[in-house]
Amino acid sequence: MPKLTIDGQEIEVEAGSTVLQACEELGIEVPHFCYHERLPLAGNCRMCLVEMERAPKPVASCAMPVGEGMVIHTKTEKVIKMREAVMEFLLINHPLDCPICDQGGECDLQDQAMTYGCGESRYKEEKRAVPNTDFGPLIKGIMTRCIHCTRCVRFSSEIAGNSELGGTFRGEHMEIGTYVGNTITSELSGCMVDLCPVGALTSAPYEFKARSWELKHTESVDVLDAVGSNIRVDTRSGEVMRIVPRLHEDVNEEWLGDKSRHACDGLTRQRLDKPYVKKDGKLKPATWDEAFGAIAEKLKGLKGAKIAAIAGDLVDVEAMTALKDLMKSLGSTNIDCRQEGSAVDPEVRASYIFNTSIAGIENADALLIIGSNPRIEAPVLNARIRKRYLMGGFKVGVVGPEAELTYKHENFGADAATLSEIASGKHAFAQVLKAAKNPMLIVGSGALMRADGAAILALAKEIADTTGMISDGWNGFNVLQTAASRVGGLDVGFAPGKAGKDTAAILEACDDGKIEVLYLLGADGVEPAKLSDTFIIYQGHHGDSGAHMADVILPGAAYTEKNGTYVNTEGRVQRGSLAVFPPGEAKEDWTIVRALSQVLGKTLPYDNLAQIRTRMTKINKIFAHVNEIQPSDWSDFGTKGDVLGKPLTSIVRNYYMTDPISRASETMAACTTDILGIQEGTGTDG
């Protein structure tokens, strides 16, 4: 490893590192705009110029590899003058609109001009102006502010993988934009706003809403897909103003999907803020006592076999734990958290998690995708797959829908019978998997929710066993969940008990009159046609499809309004935090179930958050290990059988509308219309 001296301090760094990275290791600040550790080098802005002894001219520290014996100076009079000159050049054409710029208070140019600028300009010529560009409903482009750092261009081409942005013309006439005036369609487009060091790209939905110093910051986790991206919820006066990503190297790095970022306006629309009870065929506002009384009256004398509960996609583990315990006290084992009817085995954890882990994708060297489109089911995870693809030596095969996945792949059609060929070794891609050191596969929820889902799961396991995906220190079998509650619900045992009914059986029993009361805990994906004669208790935060069917509505809290535990698709236990209080009379979900249990005479044995989390840990020890992944034992799962002739598809049809929050969002409705070109999104097939 080469040794070099920076400002009189000697340091040894890895070969291939840059001078800028060496400075950062020593804690020496070198200003920069174009450099970003996750993007390819550009060397555009020249703000990071430093002096290097025996060099004929200043060097750009972001692009200069370290060398043995280098002597670098970052604080000399010459370097200070260079920084002032570069800043003066950057500000020649920059508009003086800091008072109205949404980047104000978070602007790198603003901060560095204050720290490294000379405080005045010698240029008196007219400033160059650039027409504003329409990038779509999510990004506001004011390109006169652009300093040509090309971070957005490099993100689009390297991380997002769709090359929608580029530079046209040269010199001071250069303009950044889409080549033919198209709307940006990437599901990660909001990350370009995060990367922009000035106010050239800002969030369109957040435009003129608030200033950074007015906001209260709360660290939490996203629940609008199953990745569990770490986020920061910014609030003001009890309202969520914006959601931005938070760094977590093993989950989302520093990226965040557009739905997770921009659907937050749906948190204030179509909310359930008071209990309702159906009287004379119409839902009417009621008190909590009236709502609980109606439920108690219906359950009075009813046997447990006639009661069932289904948990939806956004439910926290605390709420499912409380409802599971309540249902047990009522004598019912008819519970399920798989509202889409997934065929995973609740008894075998390896059958329903992403065993390789999200960060582990980078160690794989071959991938088979089955019945999934990761780009719209989990954009952040798809970016990790692309990252591995760019490293080279990574072959990807797909048995499923044709889709643009942002990386080269070979599609073998959507016939599930192809899986039998791969499992038996007759298919050419089976040899690719066998030749790989760390092969992996991803099974999508769309493949497992079919009538032959158990057979597909068994075939996927057989492929994993026969192609060397399971070995010491490596498990290449992965299920890509799309619901934030799914893994946590299965981990806490919110699944049919002995002789209990799963989701499909519950709905059939409701249709036959064998189940008279159904408790929908945030479940909005069930089939209403089979529930016409069933007494429906709906507990949730939005007036979505579940609320429309209900006889009693209990208003719950959204994920930004409660302290909740969620387990992401890789089995990592994470905690969300309360950022704002629920509206009106709405309550945290587990407290509603606890209060109802008391009215029913089945009082649950916990009164606070710590106690119910202790109960969760007693059920499953993984809940004691927050932000950790616990390895899962490999055993038999799935049911061998024939697969159906219908093609494999993704569970997600419209990325922008997959849950009650995003379906209530005006921003997501605009994306559905402007980006997907359709008037109404229906979300998932669940």
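Residue numbers start at 1 and run along the sequence shown.
Taking E214 as the reference, R236 meet the side chain to side chain donor-acceptor pair (under 3.5 Å) condition, with sequence neighbours excluded.
Side-chain atoms of D97 never come within 3.5 Å of backbone atoms of I100 as a donor-acceptor pair (strictly under, hydrogens ignored). The backbone N or O of G105 lies less than 3.5 Å from a partner atom in the side chain of Q110, making a donor-acceptor pair. The closest donor-acceptor contact from the side chain of D134 to the backbone of G136 lies under 3.5 Å. With hydrogens and angles disregarded, no donor-acceptor distance shorter than 3.5 Å links the side chain of S189 to the backbone of T185. No donor-acceptor pair closer than 3.5 Å links the side chain of R83 to the backbone N or O of Y116. Looking at R128, its side chain never comes within 3.5 Å of a backbone N or O of I92 through a donor-acceptor pair.
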- Task: For side-chain contact (heavy atoms from CB on, under 4.5 Å), just list the numbers for N182 and E164, CA-CA rounded to whole Å, side-chain angles, deciding distance to a tenth of an Å, and then say yes or no.
- Result: CA-CA 8 Å; N182 285 348; E164 292 182 302; over 6 Å; no
- Criterion side-chain contact (heavy atoms from CB on, under 4.5 Å) on I147 and C45, from CA distance to verdict: CA-CA 8 Å; I147 61 171; C45 71; 5.5 Å; no
- Candidate pair R242 and E106, rule salt bridge (charged side-chain N to carboxylate O under 4.0 Å, His left out), full reasoning: CA-CA 14 Å; R242 66 176 180 181; E106 301 173 310; 2.5 Å; yes
- Message: As a quick check of understanding, evaluate side chain to side chain donor-acceptor pair (under 3.5 Å) for T76 and E51, giving each step before the final call.
- Response: CA-CA 8 Å; T76 63; E51 261 194 285; 2.7 Å; yes
- Starting from the C-alpha separation in whole Å, work towards a yes-or-no answer on side-chain contact (heavy atoms from CB on, under 4.5 Å) for K81 and E84. CA-CA 5 Å; K81 288 291 184 184; E84 289 179 351; 4.0 Å; yes
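Side chain to side chain, S650 and E377 meet the donor-acceptor criterion of an N or O pair below 3.5 Å. H248 and N627 are linked by a side-chain donor-acceptor pair at a separation below 3.5 angstrom, with hydrogens and angles left out of the test. With no hydrogens or angles considered, a side-chain donor-acceptor pair links N44 and T150 at under 3.5 Å. Donor-acceptor pairing under 3.5 Å is lacking for the side chains of Y656 and D258. With 3.5 Å as the limit, one finds no donor-acceptor pair spanning the side chains of N162 and E404. Remark: the Q112 side chain and the H32 side chain contain no N/O donor-acceptor pair separated by less than 3.5 Å. With no hydrogens or angles considered, a side-chain donor-acceptor pair links D265 and S665 at under 3.5 Å.
Salt bridge annotation for E561-R271: present, with a cationic side-chain nitrogen under 4.0 angstrom from a carboxylate oxygen. Between R384 and E362 there is a salt bridge, with a side-chain nitrogen of the basic residue lying less than 4.0 Å from a carboxylate oxygen of the acidic one.
Shown here for M668 and H262, the closest heavy-atom pair between the two residues is CE-CB, 3.7 Å. When all heavy atoms are compared, the tightest approach of S203 to V193 is N-CG1, 3.8 Å. Residues D524 and R663 approach most closely at CB-NH2, 4.1 Å, considering heavy atoms. Residue L314 comes nearest to S485 through the heavy atom pair N-OG, 4.0 Å, listed as atom of the first residue, atom of the second, then distance. Closest approach of M143 and L201 over heavy atoms only: SD-CD2, 4.1 Å.
Considering OG of S220 and NZ of K562, their distance stands at 10.5 Å, rounded to 0.5 Å.
Other residues, nucleotides and ligands contribute only 12 or fewer heavy atoms inside 6.0 Å of the CZ atom of F89.
Checking E249, Q574, E219 one by one against N230, the side chain to side chain donor-acceptor pair (under 3.5 Å) holds for a single residue, Q574.
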